[in-house]
Colleague: 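Mind having a look at this structure? Questions to follow.
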Amino acid sequence: MIKHQYDVVIVGAGGAGLRAALEIPEGFSCAVLSKVFPTRSHTGAAQGGIGASLGNEEEDSWEWHMFDTVKGSDYLGDQDAIEIMAKDAPRAIIELEHMGMPFSRTPEGKIAQRRFGGHTRPEDPSDPDSKRVAVKRSCYSADRTGHVMLHTLYENCLKQKVHFFSEFFVTDMIMSGKSCAGVVAMDLATSEVHVFHAKAVMLATGGYGRVFRITSNAHVGTGDGYSFIYNNGLPLQDMEFVQFHPTGLWKLGILISEAARGEGGILLNNKGERFMERYAPTVKDLAPRDMVSRAIITEIREGRGFKGSDGTSYVHLDVSHLPKEVLNDKLPEITGFARTYLGVEPTKEPIPVQPTAHYAMGGIPTTIDAEVTRDKKRTTVTGLYAAGEAACVSVHGSNRLGTNSLLDLIVFGRRGGKAIAKFIKDAEFAPLPEDAADRTIARIDAIMNSKGKEKVGALRTELQEKMMDKVGVFRNEKDLTEMTTEIMSLRERYKGVSIDDKGKIFNTDLMEAIELGNLIDTAEPIIHGALVRQESRGAHSREDFPNRDDKKWLKHTLIYKTDGKPKIDLKPVSITRFQPKERKY
Amino acid sequence: MKVTLRIQRYNPERDSEPYYQEFIVEAGDEKERILDLLLQVKWKYDGTLTFRRSCAHGVCGSDGMRINGKNRLACSTLLRDVNYKKPIVIEPLPSIPIVKDLIVDMSDFYKKYEAVKPYLINNSPPPEHERYQSNEDAEKLFESAKCILCGCCTTSCPSSWSDENYIGPAALLKAYRFVFDTRDEAADERLDVVDTPDGAWRCHTIFNCVEACPKEINITWHISKLKKRLAEREM
Amino acid sequence: MYKHTGSRGSGAPGWVLQRITGILLFVVVLTHFFVMHANPASGHTYAAVLARMHDPFWKMFDLTFITVGLWHGLNGTWGVFRDYKMKPAVSLTIYGVIILSGIAFWVLGVNTILSF
Amino acid sequence: MAYQAKPPEGWLRTNLKYTKDRGSVAWVLHRITGLGLTAYIYVHIYALTSLTQGPQAFDNEMKLFQTPVFHVLEWLLFSLVVYHSLNGVRIVIVDWANGAAYHKKLLAVVYGLGVVLFIGMGILMFREPIANMFASLR
Ligand SMILES: Cc1cc2nc3c(=O)[nH]c(=O)nc-3n(C[C@H](O)[C@H](O)[C@H](O)COP(=O)(O)OP(=O)(O)OC[C@H]3O[C@@H](n4cnc5c(N)ncnc54)[C@H](O)[C@@H]3O)c2cc1C
Ligand code: HEM
Ligand code: SF4
Ligand code: F3S
Ligand code: FES
C-alpha cells in the first residue's frame, strides 16, 4: 500500500473534474485521478453543444433559458441552482473560448449557435407569454463539441501543471467521522492499492449508462461515484430519473445527437408520418427528450415502428433532405457513425434509431457550490464535493435539456473548484483512519481468491437486459417490484463471482468485477426510487400513474442504503420564479 | 457465422516473448465491431485477455491496435472491413513497448504531445466577449482538432519506427492546431520545437499516418503546412 | 524514452535546398539522359566527348550536374542515416565519410571537366 | 514504473510486418533509388577520370560500356532516374504545395508517366536493334 497526501483529490477527469482542477490555486497540491487517460473520459463523446443565452444568432435571455430548463425539468429542478447556471452560462462559454476552445463561428466571427430540443424563446420578445418557438442557443463546434471542450480543459490543466494519476481506479472513499478524508485507488498498471489522504475530495465520476443494455455511454460509465456514496451511508437523490435519448443508433445505442433534429432532421414511422406533430404540435421533433422517447416507444407499441432482423424495433430519423453542406460541415461525425456502424447512407436513406439510456439526472445531492449534502436539510459533508453528471444539484430535475449537461460541468465544476480553494485555505487534514484501505483490500482479495461459478460478463448482461426491460422508458409497479427481488438475487450471486486473471499487471478482469458491483449498487436506488415515485414526471413515466402529482411528488427523493430495503426520504424542491404549470410543447 | 481471431498475447508475469493464440467467436453479421468480438473473448472464453476500451464508437481513442497488419481502432473496424474468412490477426500497436497483451505503454506518445505546448498561449488580456475569429479561420483548425490521441498514426510511421525520438505525426498535428490558431501568440515557441531533425523534418511524406488515422485526418497535409511555415520563417 | 534533441533551425535550409536541387536535377538529369544515352551509337567516343567538353555550355552543364547532384545525393544520404538511431560516434563518422568523400569526388569530377 | 514493458521489435521487422500502402511503397522505392543513384554518381565520376588519361584509355573503357549488356543496364538505370525524379517532384508538390490533399492521384500520375518515359527511352535506345529485328521479320 502506498500513501499520498494532497490538499485536493479530484476523482474523474471529465469536463467537471478538469474544470474544478483549474480552480485550485498555486501553492496547493491537487491530484486528479481517472480510471482512463483524461481525454478518454466520456465528456469527449458529447456532440451537440453547450447551451448559453449569448444571443449571437437570435435574441435570447438567461431568463428564457432558465424558464426552459425549469419547464424541461418538469418543475423538479431547483430553481436557485438553475438561475445560477442560466445566468453564468454566457460567461462560462466565453471563458472556454478564451481557453482556446475552437467553436464554429457566425459570419461576424462570433460563436455560432443552433437550435436544440426544449430551448425556446417567446415568438414576440416583448410579450413573455406569447407562443414559444425554438431558439438558437446551443454553442457548438461541428458535432464534436464535447470532444474539443474536453481537450481544451485538459490542455489548460497541462498548462497549469495539474498532477494527473491516469489509469488509477478509485475503489472507495475514506470517511473520517463526519468528514471525508480521501480516497482509495488501485493503480491499474500494477494492481497496487494507493491511499490518497486529502483535505477535500471531489467526485466527478460521470454517469451510469452501463446499467442498461442499450446505452450511449462508454464502457467506463459504471456509476462508481454513486456506489462510493451509497456504501458510505450517504444518500443519492432522484435516481429514478434516467434519461433515454430518443435517437440512439438501432441495436448499438450510439448517439445521434439532437443536433441532427436541430438542423432540420425529422422522425418518421413506418407509414412515413412525421409523428411528432401529434405529440408536440408546436416544437414537433424538437420536443424534450423524454417526450420524444415516449412517442417513439408508443409508435412502436402501436405497430407503427419498423421491425429489425433481430426482432427489435426502431423508427426512422431522416436527414436526407438536408443540404449536403449541413451534413458535411455541421454533422460530419454522426453521419459517419450511421455509415460506419449501420451501413446507412444518411444523405440518401433514413437512419434507424431507438431510445438509448443516456444521462443520469439524479445523483449525489449537492449544494449550489458542489458540496455534498447528507440529508433533506442539506447539511453538508465536510471535505466532500461532487460535480458533473455524478452530482445532482439539481438543475435537470426530472429531465435534462440537451446542452445543459456540458454547461452544468463548467458552471458547477468551477463553483466546486472555487469552494474547495476556499475550504483548503484554513482546513486541516482530517485524521486518516487506520483501516482506510481495508475494505478495498478485502474486496480485491475476495474476488481474486473466489472459486465461485458466476461470470462477470454473464451477470452484467443479465442486469443490463433486465434493467432495460423493466426500468426503461415506461415503468409499472409489477415490473419494478419484480426488479427489487431481482436485484437482491443479483447481489447475492455477485458474491459468487470469480475471475480468470490472477495477475497483478493491468488486471482489467478484476476492474470489471469491481465495476459490476458498482453497477448493482447503482441499479438498486434506481429501481427503488422508481417504485416509490407514484407519478409520471419528466423521464419517469409510470403506466399505472400516468399523471404528474405535484401535491405528493413535487419532491426530491433521497435514498439511503440499509441492510434490507433502502430507506427513502423526501426533500423539498426550491421554487423561486416559476410556479409549476402543465408541461406542453 | 464463426470467425477466428489470432491475437498476440503477452503477459509480463509469465511470458518472456509474445505469442499468438487463436479464438473462434460467433459473429452476428459482417457489421460486427472487432471490439465486440474481443469483448466476447474476454467475457466468454478468457478473462485474462487485456486491452483498453471505453466509448466503443471511435471517439475516445482507447483501443488503437494493429488489425491484419494495420493500425486501427477495434471499435471502428467492422468485420466487413477485413478479410474475416481467414483468421483476423490482432496485435498491439507496433514500435512501442508492450505492457500486456494489446495494452501498450503510451507515455512516450504523450510526452511528445506535451512537447509542442498543446494549449492556447495568449498573454494579452482577453476582451469581455469572445475573441473573434472568422469561420474560415476556425474551420482551418477543425480537422486537426478532431484528433483523439489514439496513437495509431505515430506508431504507424516508419520514421518513428527507426528512431523513437521522432516527435511523430500526432504531435506535429497538434502543433499545427495551435500554430495556425489566429488567437494564439506563441507560434514561434512551438515552431522552435518542431524545427529540429527530430521534428517536422523527419516526416518523409510516407502517408502511413493518414492511412492509419481513424478520424480520417489528412495529417500529412497539416505537416506540410507546418514545414512551409518553418521554411518561410527561415527565409 | 522520448527525449527532445536537436536545436532550432537545424532543418529548414537543408530541406529547402534538397527540394530546389531536386527540381534542378529533374531538368539536368533528364536532359543529360536524352542527350547522352538516348542514342547509344553516338557521342561516346573520346573525340565526341572532347568536342562537347570544349563547349562552354556543356562545361557549365556538367559542372552544375556534378555539384548539384553530389550535394543532393549526399544530403539525401545523410538524411537517410539520420533517420536511424545511432550512437553519436557512429553518426559522426558517417557524417565525416559523406563530407570527405563528397569533396574528394567533387574535386575528381571537376578536375576531369576542367582538364580540357 | 513498477512493471517491465516489453521493448518493441526492431525497425526492420516492423517495416516488413506492417501492411504496405501506396505511400510507404513509394517512399521505400524513393529511398533505394536515391541511394542507388548517389552510388552511381560516384561510379560515373570515377569512370570519367579516364578521360584525363588520353583517348586510348577512354575508348578502351567505352568498349566495355558499349556492349548490349551494358545498354540494358543503362536502360534499367534510367528507370531509377525516372522513378526518383518524378516521385521527387511529387514529394515537392506534396509538402510544398497542396499536394497532400490529392496525393493518391499524384502518385498514379508518377507511375503512369514513369512507365511511359521508361518505355519511350527503351524505344529510343534500342531503335536500331528493334528496326533490325523487324527487318529480319520481313
Ligand atoms: C453520447 C453523448 C452525447 C452527449 N452530448 C451532450 C451534448 O451535446 N450536450 C450536453 O450538454 N451534454 C451532452 N451529453 C452529456 C454529457 O456529455 C455528460 O453528462 C458529461 O460529459 C459528463 O461529464 P462528467 O465530467 O460528469 O463525467 P465524464 O466525462 O463521464 O468523466 C468521468 C470521469 O470519471 C472517471 N472515473 C469514473 N469512475 C472512476 C473511478 N472509479 N476511478 C477513477 N476515475 C473514475 C473517468 O475516468 C472519467 O475521467 C452527452 C452524453 C453522451 C453519452
Ligand atoms: C532528378 C530529379 C530529382 C528530384 C526531383 C529529386 C528529389 C528529391 C527529393 C525531394 C528528395 C527528398 C525526399 C525526402 O526528404 O523525403 C530526394 C531525396 C534523395 N535524392 Fe533525389 N531527386 C532527384 C535526383 C536525384 C539524383 C540524381 C540523386 C543521386 C545522386 C538523388 C539522390 C537522392 C537521395 C540519396 C535522397 C535521399 C532519399 C531519402 O531521403 O529517402 N536524387 N530527392
Ligand atoms: S491524428 Fe489520427 S491517428 Fe493520430 S492520434 Fe490523432 S486521431 Fe489518432
Ligand atoms: S507516416 Fe510518417 S513520415 Fe510523415 S507522412 Fe506520416 S508522419
Ligand atoms: S473504444 Fe473509444 S475509440 Fe474505440
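In what follows, every chain begins at residue 1, and chains take the letters A, B, ... in the order their sequences are listed.
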Colleague: Which answer fits B/Q133, side chain, backbone, both or neither, if we ask what part of it has an atom under 4.5 Å from a heavy atom of chain A?
Modeller: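 Both parts, backbone and side chain.
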Colleague: Using non-hydrogen atoms only, which part of A/F337 is less than 4.5 Å away from chain B: side chain, backbone, both, or neither?
Modeller: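 For A/F337, side-chain heavy atoms alone lie under 4.5 Å from chain B.
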Colleague: If you count heavy-atom pairs under 4.5 Å with chain A, which of B/G28, B/G58, B/P127 comes out on top?
Modeller: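 Sorted descending by pairs with chain A, the first entry is B/P127.
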Colleague: Looking at A/A45, A/P102, A/P90, which one has more heavy-atom pairs under 4.5 Å with chain B than the rest?
Modeller: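 The option with the most such pairs is A/P102.
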Colleague: Check whether A/R105 reaches the backbone of B/E136 with its side chain - one donor and one acceptor, N or O, closer than 3.5 Å.
Modeller: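 Not at all, since once roles are kept as given, no pair shorter than 3.5 Å links the two residues.
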Colleague: Could you check which of B/R177, B/E13, B/E32 has the highest count of heavy-atom pairs closer than 4.5 Å to chain A?
Modeller: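 Option with the top pair count is B/E13.
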Colleague: Heavy-atom distances under 4.5 Å only: say whether B/L149 touches chain A with side chain, backbone, both or neither.
Modeller: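 Contact with chain A is through both the backbone and side chain of B/L149.
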Colleague: Is there a donor-acceptor pair closer than 3.5 Å between any side-chain N or O of A/H147 and the backbone N or O of B/C147?
Modeller: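 Here the side-chain-to-backbone pair exists.
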Colleague: If you define the side chain from C-beta out and look only at heavy atoms, does anything of B/T50 sit under 4.5 Å from A/D501?
Modeller: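 Of all side-chain heavy-atom pairs linking A/D501 with B/T50, at least one is under 4.5 Å.
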Colleague: Between B/R183 and chain A, which part of the residue has a heavy atom less than 4.5 Å away: side chain, backbone, both or neither?
Modeller: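 For B/R183, the side chain is the part near chain A, not the backbone.
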Colleague: Quick check on B/D29 against chain A: is it the side chain, the backbone, both or neither that has a heavy atom closer than 4.5 Å?
Modeller: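 Contact with chain A is through the side chain of B/D29 alone.
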Colleague: Might you work through the side-chain contact (heavy atoms from CB on, under 4.5 Å) test for A/Y341 and B/S76, ending with a clear yes or no?
Modeller: CA-CA 8 Å; A/Y341 295 106; B/S76 307; 3.5 Å; yes
Colleague: Is there a donor-acceptor contact under 3.5 Å linking the side chains of B/K42 and A/T508?
Modeller: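 Yes, because at least one side-chain N or O of B/K42 sits under 3.5 Å from a partner of the opposite role on A/T508.
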Colleague: Begin from the C-alpha positions of A/Y154 and B/Y119 and carry the test side-chain contact (heavy atoms from CB on, under 4.5 Å) through to its verdict.
Modeller: CA-CA 9 Å; A/Y154 179 61; B/Y119 33 77; over 6 Å; no
Colleague: With a 4.5 angstrom heavy-atom cut-off, could you sort out which part of B/T77 is near chain A: side chain, backbone, both or neither?
Modeller: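 Answer is neither: B/T77 stays 4.5 Å or more from chain A.
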Colleague: Taking the side chain as every heavy atom from C-beta outward, state whether B/E130 and A/N56 have any pair of such atoms under 4.5 Å apart.
Modeller: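 Touching, per the 4.5 Å side-chain cut-off.
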Colleague: For A/V456, is it the side chain, the backbone, both or neither that has a heavy atom under 4.5 Å from a heavy atom of chain B?
Modeller: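 Interface part for A/V456: neither.
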Colleague: Count the heavy-atom pairs under 4.5 Å between each of A/M101, A/K455, A/H42 and chain B, then report the option with the highest count.
Modeller: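 Most heavy-atom pairs under 4.5 Å with chain B: A/M101.
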Colleague: How many angstroms lie between OG in B/S54 and NE2 in A/H219, if you round to the nearest 0.5 Å?
Modeller: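 So the gap between those two atoms works out to 7.5 Å.
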Colleague: Please classify the contact of A/K502 with chain B as side chain, backbone, both or neither, using a heavy-atom distance under 4.5 Å.
Modeller: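 For A/K502, neither part sits under 4.5 Å from chain B.
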Colleague: Between A/L150, A/L510, A/I499, A/D509, which has the largest tally of heavy atom pairs under 4.5 Å with chain B?
Modeller: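 Ranked by contacts with chain B, first place is A/D509.
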Colleague: Evaluate whether atom NZ of A/K504 has more than 12 neighbouring non-hydrogen atoms of other residues, nucleotides or ligands under 6.0 angstrom away.
Modeller: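 No, because the 6.0 Å sphere around NZ of A/K504 holds 12 heavy atoms or fewer from other groups.
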Colleague: Which bit of B/R14 comes within less than 4.5 Å of chain A, counting heavy atoms only: side chain, backbone, both or neither?
Modeller: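 When you check distances to chain A, no heavy atom of B/R14 falls under 4.5 Å.
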Colleague: Taking side chain as everything from C-beta outward and backbone as N, CA, C, O, which of these in A/R91 sits under 4.5 Å from a heavy atom of chain B? Side chain, backbone, both or neither.
Modeller: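 It is neither, since no heavy atom gets under 4.5 Å.
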Colleague: How about CD on B/E216, more than 12 heavy atoms from neighbouring residues, nucleotides or ligands closer than 6.0 Å, or not?
Modeller: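 Check fails, neighbour count at 12 or below.
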Colleague: Non-hydrogen atoms of chain B under 4.5 Å away: do they reach the side chain of A/H98, the backbone, both or neither?
Modeller: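 For A/H98, the contact with chain B is made by backbone and side chain together.
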Colleague: For A/L342, is it the side chain, the backbone, both or neither that has a heavy atom under 4.5 Å from a heavy atom of chain B?
Modeller: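 Contact with chain B: backbone only.
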Colleague: Can you tell me which of B/H129, B/E139, B/K146, B/K31 forms the most heavy-atom pairs within a distance under 4.5 Å of chain A?
Modeller: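 Counting heavy-atom pairs under 4.5 Å, the top option is B/K146.
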Colleague: Ignoring hydrogens, what is the shortest heavy-atom contact between B/G61 and A/R40? Give both atom names and the distance.
Modeller: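 So the two residues come closest at O-CZ, 3.2 Å.
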Colleague: Measure distances from A/I254 to the heavy atoms of chain B and classify the residue's part below 4.5 Å as side chain, backbone, both or neither.
Modeller: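 Contact with chain B is through the side chain of A/I254 alone.
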Colleague: Do you know the tightest heavy-atom contact between A/D500 and B/Y45?
Modeller: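 Smallest interatomic distance, heavy atoms only, reads OD2-O, 4.2 Å.
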Colleague: Do NZ/NE/NH1/NH2 and the carboxylate oxygens of B/R53 and A/E512 come within less than 4.0 Å?
Modeller: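 Judged by the 4.0 Å cut-off on N to carboxylate O distance, B/R53 and A/E512 do form a salt bridge.
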Colleague: Picking from A/G44, A/G457, A/S104, A/G336, which has the most non-hydrogen pairs under 4.5 angstrom with chain B?
Modeller: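 Of the candidates given, the most pairs with chain B belong to A/S104.
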Colleague: Test side-chain contact (heavy atoms from CB on, under 4.5 Å) on B/Y113 and A/L158 and set out the steps.
Modeller: CA-CA 11 Å; B/Y113 155 77; A/L158 285 180; 3.7 Å; yes
Colleague: How long is the gap from CZ on B/F142 to CZ on A/F103, to the nearest 0.5 Å?
Modeller: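 It comes to 9.5 Å.
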Colleague: Within the 4.5 Å heavy-atom criterion, are A/L252 and B/R33 side-chain neighbours or not?
Modeller: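 Yes, at least one pair of side-chain atoms sits under 4.5 Å.
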Colleague: Please flag which part of A/E167 lies under 4.5 Å from any non-hydrogen atom of chain B: side chain, backbone, both or neither.
Modeller: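 Only the side chain of A/E167 comes within 4.5 Å of chain B.
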Colleague: What part of B/I148 is in contact with chain A, defined as an atom under 4.5 angstrom from a non-hydrogen atom: side chain, backbone, both or neither?
Modeller: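 It is both, since atoms from each part get that close.
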Colleague: Please identify, among A/I111, A/T461, A/L54, A/V148, the residue contributing the most non-hydrogen atom pairs under 4.5 Å to chain B.
Modeller: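 Looking at each of A/I111, A/T461, A/L54, A/V148 in turn, A/I111 comes out on top.
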Colleague: If only atom types and distance count, is the side chain of A/K110 paired as donor or acceptor with the main-chain N or O of B/Y132 below 3.5 Å?
Modeller: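 No, A/K110 side chain to B/Y132 backbone: no donor-acceptor pair under 3.5 Å.
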Colleague: Salt bridge or not between A/E333 and B/K215? Use side-chain N to carboxylate O under 4.0 Å.
Modeller: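 A salt bridge links A/E333 with B/K215.
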Colleague: Less than 4.5 Å to any heavy atom of chain A: does that hold for the side chain of B/S134, its backbone, both, or neither?
Modeller: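 Backbone of B/S134 only, per the 4.5 Å heavy-atom cut-off to chain A.
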Colleague: Verify side-chain contact (heavy atoms from CB on, under 4.5 Å) between A/M99 and B/L120, making sure each step is shown before the conclusion.
Modeller: CA-CA 6 Å; A/M99 284 183 188; B/L120 193 85; over 6 Å; no
Colleague: Where does A/K251 contact chain B at under 4.5 Å (heavy atoms): side chain, backbone, both or neither?
Modeller: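 Answer is side chain: those atoms of A/K251 sit under 4.5 Å from chain B.
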Colleague: Report which part of B/K174 has an atom under 4.5 Å of a heavy atom belonging to chain A: side chain, backbone, both, or neither.
Modeller: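 Side chain of B/K174 only, per the 4.5 Å heavy-atom cut-off to chain A.
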